[in-house]
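Have a look at the structure below, then the notes.
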Amino acid sequence: MSAHDQIRAMLDELMGTGRDGENNKYKVKFDDPRVCKSFLLGCCPHDILSSTRMDLGECPKIHDLALRADYEQATKGKDYYYDIDAMEHLQSFIAECDRKTELAKRRLKETQEELSEEANQKAEIIHQLGEQIGTKLAKAETVGAEGHVNESLKLMEEVEELKKQKGQAEIEYRNSMPASSYQQQKLRVCEVCSAYLGIHDNDRRLADHFGGKLHLGFITIREKLEDLKKSVAERRAQREKEREERRKREQEKIGDREKEKRKSRSPSRNHRSSRSHSRDRRKRSRSRSRRSCKRSRSRSHSRRSGSRSKRSRSRSRSRYSR
């Protein structure tokens, strides 16, 4: 890449696609499905592992620093949930790498001579010490190049101590098996990047591996995946909490409405009950008046019949007297 292209990339990263107007070289926006969401979050494996033994080639989706700048500016006012897409992308990639690692382990187990349990334990100790030596040695070189001399010297002292422990472990490992078996290279698979490591690898070889772009790239991808899982889990928990609170508020509103309905119904019920009581009273008064009328009629009828009988008696007496 020429100096002109580097300057243009820096301007795109800082100012986005709008630095030359609305036109950009892909004629798309960052929310287009063709844009790599992992790239927008800075964790696309195609970029991280480029120029390594596991170079994946060019990503099938669009990578543009200007689009990343647009995305970072847009996320200040809105959440696009691209971390979920990036998490799923990295999960599938790491799952495939872990599958290849297990396959390589099975192949080594089939091809290498089987060792005793004691020898395997000692070989594992040597591998762990070699990993620590390589990691610290690579870190010491990095911090020394950055100008942190004291920190680099301290790491080198730790490396020397680990070398002594590794030498003692190698002696114990050599004494636990025949000389013919010890001469064979005992390999293992790196759990991080699936590379092969030997038990007799020197410090330079270990430092090149653990400080190399492939191993560090896989560490970056795995750490980014864990961060995305954590952030996605927190956001899902937050959304679930908000939904629960919203559900409670809705239930409270429904309860308040039911109370208001009951209150509005109670006066009408009292009115209806008073009306029913008044009707009952009217019916009772009517029935009483009817009964009194019937009684008065019966009394008047009985009086009339009595007077009629008296008249008939007086008439009959007057006839007999004649």
Side-chain angles (χ1 to χ4, degrees), residues 1 3 6-7 9-11 13-14 38-39 41-55 65 68-69 72 83 86 90 93-94 97-98 101 121-174 185-231 234:
M1 181 183 291
Q6 292 178 358
I7 294 173
M10 291 174 61
L11 290 174
E13 187 174 3
L14 290 172
S38 300
F39 169 78
L41 275 76
C43 59
C44 182
H46 292 266
D47 283 352
I48 296 174
L49 300 179
S50 63
S51 303
T52 64
R53 182 177 59 83
M54 292 186 63
D55 193 335
L65 294 173
R68 180 188 290 176
E72 292 174 354
D83 53 346
L90 295 186
F93 175 74
I94 292 296
C97 293
D98 291 342
T101 301
Q121 292 178 358
K122 292 179 179 179
E124 185 63 28
I125 292 173
I126 294 173
H127 283 305
Q128 292 176 359
L129 291 171
E131 182 174 349
Q132 295 178 27
I133 290 171
T135 303
K136 289 184 179 294
L137 187 58
K139 187 176 180 180
E141 292 176 355
T142 302
V143 297
E146 294 174 353
H148 305 286
V149 180
N150 293 331
E151 186 178 354
S152 178
L153 292 174
K154 185 178 179 180
L155 288 171
M156 291 304 297
E157 291 176 0
E158 296 177 1
V159 168
E160 292 299 326
E161 183 63 27
L162 290 172
K163 284 181 180 180
K164 293 178 183 178
Q165 297 178 16
K166 184 183 176 184
Q168 184 63 31
E170 287 176 348
I171 293 173
E172 295 177 0
Y173 175 71
R174 186 186 304 114
Q185 177 71 293
K186 179 67 175 176
L187 297 175
R188 75 180 182 99
V189 182
C190 179
E191 298 289 343
V192 176
C193 62
S194 305
Y196 288 103
L197 298 173
I199 196 171
H200 301 302
D201 289 341
N202 56 33
D203 298 338
R204 184 70 264 163
R205 165 74 175 85
L206 295 173
D208 290 341
H209 170 75
F210 291 106
K213 188 176 181 180
L214 178 64
H215 189 82
L216 295 178
F218 267 95
I219 290 176
T220 301
I221 292 172
R222 291 180 183 274
E223 289 178 350
K224 185 65 175 179
L225 177 59
E226 292 302 320
D227 293 341
L228 289 173
K229 285 181 179 179
K230 185 177 179 180
S231 64
E234 290 176 353

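Numbering starts at 1 and runs along the sequence shown.
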Quick one: does D201's side chain have a donor or acceptor within less than 3.5 Å of a partner on G198's backbone? yes

Let me confirm one number: the CD-CD1 distance from E172 to I125, rounded to the nearest 0.5 Å. 7.5 Å

Is it true that, when you exclude K139 itself, more than 12 heavy atoms of the residues, nucleotides or ligands shown sit nearer than 6.0 Å to its NZ? no

Let's go through L49 and F93 carefully: what are the C-alpha distance in whole Å and the side-chain angles of both, what is the deciding distance for side-chain contact (heavy atoms from CB on, under 4.5 Å) to 0.1 Å, and is it a yes or a no? CA-CA 12 Å; L49 300 179; F93 175 74; 3.5 Å; yes

Can you measure from CG (L214) to OG (S51) and round to the nearest 0.5 angstrom? 11.5 Å

Indicate the atoms forming the closest heavy-atom contact of L216 with G211, along with that distance. CD1-O, 3.4 Å

Have a look at E131 and tell me which of R205, K166, R188 forms a salt bridge (charged side-chain N to carboxylate O under 4.0 Å, His left out) with it. R188

Could you check whether any side-chain N or O of T135 sits under 3.5 Å from a backbone N or O of Q132, counting only pairs where one atom can act as donor and the other as acceptor? no

Take E161 and E157 through the side-chain contact (heavy atoms from CB on, under 4.5 Å) test and state the conclusion after the steps. CA-CA 6 Å; E161 183 63 27; E157 291 176 0; over 6 Å; no

Exercise: identify the closest heavy-atom pair between A138 and A207: CB-O, 3.9 Å

Measure across L41 and A86 and return the closest heavy-atom pair with its distance rounded to 0.1 Å. CD2-CB, 4.3 Å

Counting neighbours of NZ on K122 that are heavy atoms of other residues, nucleotides or ligands and sit closer than 6.0 Å, is the number greater than 12? yes

Please walk me through it: do E160 and K163 pass side-chain contact (heavy atoms from CB on, under 4.5 Å)? CA-CA 5 Å; E160 292 299 326; K163 284 181 180 180; 3.7 Å; yes

Side-chain donor/acceptor of S152 to backbone N/O of A140, under 3.5 Å: yes

To the nearest 0.5 Å, what is the distance between NZ on K164 and CG on L129? 14.0 Å

Taking all atoms of both residues into account, what is the closest heavy-atom pair of K224 and C43, and its distance? CG-CB, 3.4 Å

Are any of the side-chain heavy atoms of C193 and H209 separated by less than 4.5 Å? yes

When rounded to the nearest 0.5 angstrom, what is the spacing between CG in D83 and NZ in K229? 14.0 Å

Roughly how far apart are F39 CZ and I48 CD1, rounded to 0.5 Å? 11.5 Å

Tell me the closest heavy-atom pair linking Y196 and V189, and the distance in Å. CE2-CG2, 3.9 Å

Quick one: do R222 and D98 make a salt bridge, cutoff under 4.0 Å? yes

Please examine the side chains of L206 and L137, heavy atoms only from C-beta on, and report whether any two atoms are closer than 4.5 Å. no

Could you give me the CA-CA distance, side-chain angles and deciding distance for E226 and K230, then say whether side-chain contact (heavy atoms from CB on, under 4.5 Å) is met? CA-CA 6 Å; E226 292 302 320; K230 185 177 179 180; over 6 Å; no

Roughly how far apart are I133 CD1 and N202 CG, rounded to 0.5 Å? 11.0 Å

